[in-house]
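Heavy atoms only: backbone and side chains are in, while hydrogens, waters and symmetry mates are out. A quick note: this is a predicted structure, and the numbers were derived from the prediction, not measured. Atoms within each ligand, like the ligands themselves, are counted from 1 in listed order.
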Amino acid sequence: MEYITEKQLFLLLCLGLSLAGGCVKQKSSGELPQKQGIILGFSQIGAESAWRTCHTRSVKEAAAQAGVQLLFSNAEQKQENQIRAIRSFIAYQVDVIAFVPIVSGGWDNVLMEARDAGIPVLVTDRKIDSDEGLYAGFIGTDSIAEGRNAGLFLLEKFKEPLERGGPIRIVELSGTVGSSAATGRAEGFREVLAPYPQFQIVHSASGDFLRSKGYELMQSILASYSNIDVIFSHNDGMTLGVLDAVKEASLKPGTDMAIVTVDAEQAVINALIRGEVNCVIECNPKQGPGIIRLAQTLARGESISRLIHVDETVFYEWDDLSALPPRGY
Ligand code: AHR
């Protein structure tokens, strides 16, 4: 696409999309503005956590640095808003579309529309169930590996109770139902613990990756269970709510029950250092440079790797964390 017409600009404003990472100059003397670099339509799911805000920042900064014009849309946690945004990107004839799928199913129709319009689509952060022919590739986190790492930590931490025969009672707070981040973490966790029936998941409920829901769920769980050994929380947002509820109940998180969480936000790393959390599995939000690089490759008409997992690590209670650089989120 060479130009952004007034009609398209009007459409953008109507859709509440924001333009970042480059500029579309206003027409001054009857001349249409010339496109600078490529245009990437990006549909983000929302701003549910510090992790997500960092993910958005990473994409916007990388786009600005590369001179990529970013049409950014915040779906406020609704798949229908994402589908509407992707349709507007197609109408707008962007060079590349990238999105974070809030859930893994339900994308086929809109992806077929993008394919028919000849616009390559990059799936980011979370995975989808659609046929691989409907999108160019994926870059994001390995949620199954994250779940496995949570299970492996418990095997180490509970070595002795395990040998004594358990039981080791686990409560799981999972993320958004139907999201690959939640299903992958649940799958990897169960896969590692399956050979050890001493580990019992006595309760599992979705807190939608939200601190408020983590807090509410934990309050009701503490009212129903008195002997929980482990909380496995699928993200730090929910974990912060869990910590509030556990402390309010005059219990000591990290001591009265082990807490394992995913993301590695600064606030939770601080809790790990204080001994209130026992293991933090990093989920890396700094995906912007990779997303922009892949979008540029696709815009040149070249193909990309089908699957790229970003680098991620694990922080344990027995690590020396005194020299850990600030997390930035
Ligand atoms: O998809 C990644 C997950 O989404 C992060 O763990 C979480 O904080 C976010 O909401």
Side-chain angles (χ1 to χ4, degrees), residues 42-59 74-79 81-82 98-107 122-129 138-150 153 172-189 205-215 217 231-243 259-272 277 279-288 290-291 307-315 327-329:
F42 187 85
S43 167
Q44 179 59 282
I45 58 178
E48 72 279 7
S49 58
W51 189 98
R52 182 63 55 198
T53 310
C54 177
H55 187 262
T56 294
R57 197 166 54 241
S58 172
V59 173
N74 176 341
E76 287 168 5
Q77 309 298 323
K78 291 197 174 77
Q79 184 178 30
N81 289 347
Q82 292 204 277
F99 73 114
V100 177
I102 184 158
V103 290
S104 41
W107 302 102
L122 176 63
V123 178
T124 77
D125 178 28
R126 299 183 184 173
K127 292 175 180 156
I128 58 174
D129 295 338
F138 166 83
I139 179 168
T141 60
D142 186 344
S143 50
I144 296 180
E146 291 162 354
R148 283 187 192 127
N149 281 329
F153 166 73
E172 177 184 46
L173 298 196
S174 70
T176 302
V177 175
S179 67
S180 70
T183 53
R185 288 167 193 172
E187 183 188 324
F189 187 64
S206 169
D208 218 6
F209 287 127
L210 294 172
R211 179 175 186 156
S212 55
K213 289 201 185 163
Y215 174 73
L217 275 176
I231 305 286
F232 172 40
S233 164
H234 284 197
N235 90 333
D236 285 353
M238 294 188 296
T239 301
L240 292 170
V242 165
L243 293 180
I259 300 196
V260 188
T261 178
V262 186
D263 275 357
E265 291 180 9
Q266 187 65 58
V268 172
I269 291 292
N270 294 344
L272 176 68
V277 163
C279 177
V280 182
I281 292 121
E282 181 187 35
C283 176
N284 185 352
K286 296 174 186 170
Q287 299 169 16
I291 291 171
L307 178 74
I308 299 174
H309 284 141
V310 291
D311 289 341
E312 292 173 332
T313 187
V314 183
F315 303 99
R327 303 287 303 148
Y329 61 102

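The main-chain N or O of I102 is found under 3.5 Å from a side-chain atom of R126 such that the two form a donor-acceptor pair. Under a 3.5 Å cut-off, the side chain of N284 and the backbone N or O of K286 do form a donor-acceptor pair.
The aromatic ring centres of W107 and F99 sit less than 6.0 Å apart.
Look at G237 and you'll find every heavy atom at least 4.0 Å from all atoms of ligand 1. The closest approach between R185 and ligand 1 falls below 4.0 Å for a heavy atom of the residue.
Residue E48 has at least one heavy-atom neighbour below 4.0 Å for each of these atoms of ligand 1: 4 (O), 9 (C), 10 (O). Of all the atoms in ligand 1, the ones that sit under 4.0 Å from a non-hydrogen atom of A181 are 1 (O).
Residue F232 forms a side-chain contact (heavy atoms from CB on, under 4.5 Å) with just one option from V262, T239, L173, and that option is V262.
Of the polar atoms of H234, none of the N or O atoms is found under 3.5 Å from an N or O of ligand 1, judged by distance alone. Checked by distance only, ligand 1 and W51 stay at 3.5 Å or farther apart across all their nitrogen or oxygen atoms.
For atom 2 (C) of ligand 1, the choice among D125, D263, I102 with the nearest heavy atom turns out to be D125.
Using a 4.0 Å cut-off between charged nitrogen and carboxylate oxygen, E172 and R185 do not count as a salt-bridge pair.
Counting heavy atoms from C-beta on, the side chains of I281 and E312 never come closer than 4.5 Å.
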